[in-house]
Amino acid sequence: MQLAPGLHRIGNDIVAAHLIVTDQGITLIDTGLPGHLADLQRELDALGRPRSDIRGIVLTHGDSDHMGFAERLRRELGIPVFVGEGDADRTRGAKPPATPRDRVRILPLLGFLAYSLRKGGFRIPPIGEVHPVSDGDELDLPGRPRIIGMPGHSPGSIAVLVPAVRAVFVGDELTTRNVLTGVTGAQPAPFTDDQAGSSASLERLRDLDVDWVVPGHGAPWHGTTAALIDAYRAAEAAR
Ligand SMILES: [Zn+2]
């Protein structure tokens with residue numbers, strides 16, 4: 001679906017991935033779960049664009065529910081996969097450390113697990129080759145994505161600023177729908193390695209001039225980053 005001209009979304013509020021669509025080609029921000037490849041193909045068909053228009057993939061971090069079909073497309077199209085340098089090992093198959101235990105509600109948790117199962121989320125192939133990126137990098141991809149280092153959710157978590165579509169993609173540095181509880185609204189994300197670090201990193205977004213803040217899980221936020229961060233702070237204080 002189209003969120004704004006040039007900004008498209010596949011998946012849903014449980015797990016989503018995004019496309020930057022330009023005349024020069026397409027950039028993917030995250031690749032969801034393996035089964036989302038069919039959703040991507042439907043989106044491309046609706047746009048009338050061939051798969052070969054995809055020029056590269058940027059992963060907001062190296063967790064499995066964001067790298068779903070990245071290896072498949074990398075091999076098929078010979079395109080680069082970019083990831084924050086601190087998460088490169090994860091994308092190549094290293095097991096991330098256990099995260100502090102999160103609060104859970106049973107129905108949303110079962111919904112997440114069922115959706116993941118249906119989309120092949122328990123068999124994520126490692127990525128054969130990744131290009132590590134770091135804070136301040138600007139990538140030679142459609143939309144000229146800029147990298148903002150956001151350590152916290154994972155060591156190599158990044159935000160991806162795409163001025164061409166006035167959006168910043170924040171991965172799991174925050175969520176607007178907690179997959180484990182079903183609670184909606186801006187809030188800390190589950191499965192976070194370093195919550196204090198994640199919370200501090202968010203301030204790096206406060207002054208960005210964007211219309212959209214797009215998390216990996218939950219509805220995209222249409223509004224300023226400052227308003228989003230303030231909503232997050234309120235949820236954080238209520239925990
Ligand atoms: Zn995630």
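The residues of the chain are indexed from 1 along the displayed sequence.
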Point to revise | Trace of the side chain to side chain donor-acceptor pair (under 3.5 Å) decision for Thr99 with Asp193 | key: CA-CA 5 Å; Thr99 54; Asp193 289 1; 5.6 Å; no

Exercise for review: Show your reasoning for whether side chain to side chain donor-acceptor pair (under 3.5 Å) applies to Ser201 and Ser198.
Suggested key: CA-CA 5 Å; Ser201 282; Ser198 180; over 6 Å; no

Review point. Given the rule in the side chain to side chain donor-acceptor pair (under 3.5 Å) test, do His217 and Asn178 qualify, once you have shown the distances and angles that lead to the verdict?
Key: CA-CA 7 Å; His217 309 276; Asn178 184 315; over 6 Å; no

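Exactly one of Val130, Leu141, Asp30, Thr31 qualifies for a side chain to side chain contact (heavy atoms under 4.5 Å, CB included) with Ile57. That residue is Thr31. Applying the side chain to side chain contact (heavy atoms under 4.5 Å, CB included) test between Ile26 and each of Arg49, Arg55, His8 identifies Arg49 as the sole match.
Nearest heavy atoms, Phe191 versus Val179: CE1-CG2, 4.3 Å.
Here Arg72 pairs with nothing under the salt bridge (charged side-chain N to carboxylate O under 4.0 Å, His left out) rule; sequence neighbours left out. Every residue two or more places apart in sequence or in another chain was checked for a salt bridge (charged side-chain N to carboxylate O under 4.0 Å, His left out) with Arg105, and none qualifies. For Arg206, the salt bridge (charged side-chain N to carboxylate O under 4.0 Å, His left out) partners at least two apart in sequence or on another chain are Glu203, Asp230.
Distance alone, capped at 3.5 Å, is enough to place a donor-acceptor pair between the Thr22 side chain and the Gln24 backbone. Looking only at distances, a side-chain donor or acceptor of Asn12 sits under 3.5 Å from a matching main-chain atom of Val15. The closest donor-acceptor contact from the side chain of Glu173 to the backbone of Leu202 lies at 3.5 Å or more, if one exists at all. Judged purely by atom type and a 3.5 angstrom limit, Asp87 has no side-chain atom pairing as donor or acceptor with the backbone of Gly84.
With respect to Asp65 and Lys119, no salt bridge is recorded, no charged nitrogen being found less than 4.0 Å from a carboxylate O. Here Arg42 pairs with Asp39 in a salt bridge; the nearest charged N to carboxylate O distance falls below 4.0 Å. With respect to the salt-bridge test (charged N to carboxylate O, under 4.0 angstrom), the residues Arg51 and Glu76 qualify.
Side-chain N/O atoms of Arg90 and Ser64 include no donor and acceptor closer than 3.5 Å. No hydrogens or angles considered: nothing links the side chains of Asp194 and His153 as a donor-acceptor pair under 3.5 Å.
By the criterion of side-chain heavy atoms lying less than 4.5 angstrom apart, applied directly or through intervening Ile, Leu, Val, Met, Phe, Trp or Tyr residues, Met150 is not grouped with Ile147; the two fall into different hydrophobic clusters.
Counting heavy atoms of neighbouring residues, nucleotides and ligands inside a 6.0 Å radius, atom CZ of Arg75 does not exceed 12 of them.
Under the 6.0 Å cut-off for aromatic ring centres, Phe169 and His18 qualify, their centroids lying closer than that.
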